[in-house]
K.L.:
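Quick one: the structure is below, questions incoming.
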Amino acid sequence: MERCLYVPDYLHHLLEGLEKGLQGICDKLANLLSFPVIAIDPLYNLLSSSNPENNILVEYLDDIKIEESNIYKCHLTFNNDSLQGIGSAIIVDGKLRGYLIISCGEISDDKLLQLNSIISYASLLCSLELRKKFQIKQERQHFKEAFIYDLLYGNIKKKDEIISYGQFWGWDFNLPHTVIVFSLRDFEYYSEDQHFIGILFYAIEKSLIERNLKPIAMKKRGEVIVVFPLHESEQVKKRAEVNTFVQHIINQVDKANLSSRIITGVGRACANPEMIFRSYQEAKVAFELGQLLDITTPFFNDLGLERILFKHDLQDLKEFYFHILGDIEENDSLHGGELMRTLENFSANQYDLTKTADAMFLHRNTLRYRIKKIEEILDKKLDDMNVKLNITAALKIRQLRKF
Amino acid sequence: MTEMVKQMGFVFNIDLCIGCKACEIACRNENQTVSAVKWRKVSKLTDDTYLSISCNHCSSPECFRVCPENAFTKRGDGIVQINSNLCTGCGLCISACPFSAPQYDPELHKVSKCQMCYPRQDKGFLPACIEACSTGAIDMENLDSFCSREAVSTIPGFPNSRLTDPSIVFYPAKKRKRYFLN
């Protein structure tokens, strides 16, 4: 039988579009289907659109594919109006890198199956285009990473050398910088988490570019390290700048269901680029302690006693804890009381009766009774500064899960 | 500038170590350290298990962070080095390291530490301790790509490693079987 070697015209059109990258593919597909077409990344950020002036946003994407096709249904917004659409995943090397979305409104299942083939073909072309882009980016990133690694480990000892290398990539190391470490809670190297770290890295780079900053960031095993330039001079404003950035990243990765797993740590700001390595190590300390103390964005600057206690000898800490609070713990386990929780809250509220009573939804007299009971068990007065200090230290040891 | 970023680290098999201290001696012989300086130390874990550790070339080295002279650097292959010309012998790194890896040299009044025999490695040889180990208890791998189901990041008796993320993995001691001859 004679084989049919005819290639349809519309495939030629789409291939011609590939010359102009994602934009070309979206334009050609929009022409063919007479519907607006957009390409988005996994976090629903716009990569390309057939009508750039019409700002179509993807609100929600159904997780379940339509049967016998590679198409997802999705909800779009355009000028505050809600629209229906369909989309196909853009997969590069087995990893989701985005979606190709067609704003077609309500559509019958028959029509949908007709479109399946052409949309899948177009998303395949998008995959080729994105793969090309990633390869170029990876090549550039390779050189960048070598420099950032040296910066993070203090391997370049001369300030002028760092500044001139930085200028090559458009980084101004005359500004003060701080290091922020991002990672995922319970990160597992040989799992899907590696891909999630890639998404996190992408979101960070994108966010920095949106702020007109040339990203100084690298992936290292289970973490993404950002050397963040600080434009503000006041300490409070610097802090707010970092907090806003971290919060923005957490919001960004929410679409990939990662926001609850994000953990961070922030080092001290350093005006001298030679000292960036110290900020990195500080960020890692803050990162570790932040996990134990349940702080969303831990700043190394904010860590006090915890830093010393965390590194102290375990046996010594145990002895200290039981010496100070052992009796309260024993009493609670024997009588099922809440004295330890009360003491924790009392300490967290700066040993203020009114604040603690409000925080615990207790009557002041009930709280007063419990405090009296604690004083009896400990045989110490809780208004003594030294007693307060010891109790706070013991509670911090407990918080650090030293045993 | 660094060319390729990786993290070399030690792989230690508890069951294979017989506590012969050949690694310790090879290290001293290779690096010509004085008697008070032990870059690699073998200690007894239980009645029949031993632990041989040196500097673990941590991912977040505390020695690095606390050094006031910025004497430490980390090579592209993950080896943490100390520049003895910059070291003043203040000893801050010694107290900061959970593994007591940096050692004070009373003759030079400076601190020195295991450098994973990088001069040997640069020539294509294995570190002296690995080469001297007759049972193959110590080995070296690129931990960025190393994967083994049986390997663990810490064992009982090894100092708390959470903060510094040491570049060492262990094959823990397996329960031994007893066989009888009929």
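Quick note on labels: first sequence line is chain A, next is B, and so on, each numbered from 1.
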K.L.:
For a quick check under 3.5 Å, do B/Thr164 and A/Lys284 share a side-chain donor-acceptor pair by atom type?
P.N.:
no
K.L.:
Would you sort out whether B/Arg75 and A/Asn155 count as a side-chain contact (heavy atoms from CB on, under 4.5 Å), showing the intermediate values?
P.N.:
CA-CA 8 Å; B/Arg75 287 172 30 131; A/Asn155 293 346; 5.8 Å; no
K.L.:
Counting N and O atoms only, with roles assigned by atom type, does the side chain of A/Tyr280 sit under 3.5 Å from a partner on the main chain of B/Ser60, one being a donor and the other an acceptor?
P.N.:
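No, because the side chain of A/Tyr280 does not come within donor-acceptor range (under 3.5 Å) of the backbone of B/Ser60.
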K.L.:
Could you tell me whether the side chain of B/Arg65 and the main chain of A/Arg278 form a donor-acceptor pair under 3.5 Å?
P.N.:
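Absent.
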K.L.:
With a 4.5 Å cut-off on side-chain heavy atoms, are B/Asp144 and A/Lys220 touching?
P.N.:
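The answer is no, as the side chains (C-beta and beyond) never meet within the 4.5 Å cut-off.
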K.L.:
Using every non-hydrogen atom in the two residues, find where A/Tyr153 and B/Pro61 come nearest and quote the distance to one decimal.
P.N.:
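A/Tyr153 and B/Pro61 have their closest heavy atoms at CE2-CD, 4.2 Å.
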K.L.:
Using non-hydrogen atoms only, which part of A/Phe277 is less than 4.5 Å away from chain B: side chain, backbone, both, or neither?
P.N.:
side chain
K.L.:
So does A/Lys133 have more than 12 non-hydrogen atoms from other groups sitting under 6.0 Å from NZ?
P.N.:
no
K.L.:
Hey, is NZ on A/Lys214 packed in by over 12 heavy atoms from elsewhere, all under 6.0 Å?
P.N.:
no
K.L.:
Can you tell which part of B/Gln81 gets under 4.5 Å to a heavy atom of chain A, answering side chain, backbone, both or neither?
P.N.:
neither
K.L.:
Tell me whether A/Lys157 contacts the main-chain N or O of B/Asn70 through its side chain, where contact means a donor paired with an acceptor under 3.5 Å.
P.N.:
yes
K.L.:
Return yes when atom NE2 of A/His323 has more than 12 non-hydrogen atoms of other residues, nucleotides or ligands closer than 6.0 Å, and no otherwise.
P.N.:
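Open: at most 12 neighbouring heavy atoms sit under 6.0 Å from NE2 of A/His323.
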K.L.:
Tell me, yes or no, whether the heavy-atom count around A/Lys206 atom NZ, taken from other residues, nucleotides or ligands under 6.0 Å, exceeds 12.
P.N.:
yes
